[in-house]
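Report on the following structure.
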Amino acid sequence: MIDFGSVDLAPLRERLAARAAEEELLDVAYRVIDSPVGRLLLAATPAGLVRIAFEREDFDVVLDDLARRVGPRVLRGTDRLDDVERELAEYFAGQRRAFDLPLDTRLSTGFRRAVQAHLPSIPYGHTESYTEVATATGSPRAVRAVGTACATNPLPVVVPCHRVLRSDGSLGGYLGGLEAKRTLLELERRAA
Amino acid sequence: MGTMTETSTPRAGTAVRGSFDAVVEQHGATVLRVCRVIVGPHDADDAWSETFLAALRAWPTLPPDANVEAWLVTIAHRKAIDIVRARRTVPLEHAREPVSAHGVPGDGFELWARVAALPEKQRLAVAYHHVAGLPYREVAALLGGTPEAARRAASDGIAALRTRLTLEES
């Protein structure tokens, strides 16, 4: 076969994503970053940050889910995520206690959404129990549902579900794995 | 938003389509090579960008049983032909050299000169059959004419490229 040249698509993909964003054709822009809790996928709609995923969730599965639930025009690239990446870097460096980012919360509805809306009011470096969160959201008996709401948080780290523990102080669960939860709590304890 | 369930189903009337990024990942390189053969390495990036932007626009409504690669090649065919025609209308003194090795490191200038020298039908047939891997039936649909004519054009084109290259290498 005749060789029609090597291909480096990266710059072309960047340009495509930028033009797609300009022409309002981009449902979801994403990028993947390194962090102390492993690689993270960040995804944003024009309205704001819509998803943060841990590598163990399988990025291909996450992107496919976003395509179906948000829109199939998904591309890597664009500057849409610059602020998110910067604030996360500051957070992981212990230099940021709260996030100031537009969030697109369309992936959560009902009670889960209410629980996730409460989580940012748990102060940096502090924790609440699942029971306390249930009480705070007006459904004191819905402790298990709070657990589910934390486990399905589409915006971990930024919406701090890692600050919710069992009443006995044990870790409970975490979408990113218990090691990641421990890392985040330790980071906040040291910086607080 | 505001629905009772959290499992999301696509809105009625929209095709169920996965992430477009996976399409770029899977077919981007092949489409770029197709563009290089049709318009030369200089304009291939523009042809590629126009192709994928148009594809992105149409992606949500592409029928689920469509052959994605053939669909992309069809769009690339239209975009590349536009570029070739626009180039023909540029006044001669401003016309760019049709072929250049710029931007494609490691590739011989000679190959692109040979590709550019092919009759258009042969060049397109080589691009769609030998680079994109489309069957002659689909190549013929793009070029007009019969599958047999498409097969001849592709095989004459590739033979011309091979002979000349071999002669130059020996």
Side-chain angles (χ1 to χ4, degrees), chain A residues 1-32 41 43 47 59-78 104-113 116 148-149 152 154, chain B residues 1-11 14-25 28-37 41 44-46 48-57 59-62 101 103-108 111-112 114-115 126-127 130-131 158 161-162 165:
Chain A
M1 191 57 225
I2 295 170
D3 174 15
F4 290 106
S6 56
V7 165
D8 175 16
L9 283 183
L12 284 172
R13 293 175 81 160
E14 277 290 317
R15 220 168 75 188
L16 175 65
R19 276 188 67 187
E22 250 169 57
E23 301 194 19
E24 298 182 2
L25 284 174
L26 198 52
D27 297 324
V28 178
Y30 81 94
R31 72 172 65 161
V32 174
L41 180 143
F59 293 156
D60 286 342
V61 171
V62 171
L63 288 172
D64 216 49
D65 181 58
L66 285 170
R68 284 160 214 284
R69 295 173 72 185
V70 179
R73 292 178 175 128
V74 180
L75 287 174
R76 183 193 279 253
T78 83
D104 181 338
T105 57
R106 76 174 81 188
L107 294 178
S108 299
T109 53
F111 184 65
R112 293 181 189 184
R113 192 189 183 109
Q116 289 157 14
T148 308
T152 57
Chain B
M1 252 186 273
T3 50
M4 295 300 288
T5 99
E6 290 185 31
T7 52
S8 173
T9 46
R11 282 152 296 172
T14 52
V16 182
R17 274 294 169 195
S19 155
F20 188 76
D21 199 60
V23 175
V24 183
E25 178 76 37
T30 299
V31 171
L32 185 58
R33 289 195 181 93
V34 167
C35 292
R36 282 177 183 171
V37 172
D45 287 3
D46 284 345
W48 188 95
S49 297
E50 293 301 327
T51 298
F52 275 96
L53 201 65
L56 177 67
R57 207 181 291 277
W59 177 239
T61 54
L62 184 70
V104 190
D107 280 333
L111 171 62
W112 297 111
R114 296 307 171 211
V115 171
V126 167
H130 290 283
V131 183
I158 211 82
L161 290 177
R162 281 210 175 112
L165 288 170

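In what follows, chains are A, B, ... by sequence order, proteins preceding strands, each numbered from 1. These numbers come from a predicted model, not from an experiment. What you see below is based on every heavy atom in this structure, not just the backbone, and it leaves out hydrogens, waters and symmetry mates.
- The pair Arg73(A)-Glu24(A) fails the salt-bridge criterion, with no side-chain N (NZ, NE, NH1 or NH2) lying under 4.0 Å from an Asp/Glu carboxylate O.
- In this structure, Asp64(A) does not pair ionically with Arg17(B), as no charged nitrogen and carboxylate oxygen lie closer than 4.0 Å.
- Contacts between Leu56(B) and chain A at a heavy-atom distance below 4.5 Å involve backbone atoms as well as side-chain atoms.
- Under 4.0 Å is where a charged nitrogen must lie from a carboxylate oxygen, and between Glu25(B) and Arg76(A) no such pair does.
- Side chains of Arg31(A) and Thr78(A) form no contact here, defined as non-hydrogen atoms less than 4.5 Å apart.
- Residue with the most contacts toward chain B among Leu12(A), Leu9(A), Leu16(A): Leu12(A) (heavy-atom pairs, distance under 4.5 Å).
- With a 4.5 Å cut-off on non-hydrogen atoms, Val24(B) touches chain A through its backbone and its side chain both.
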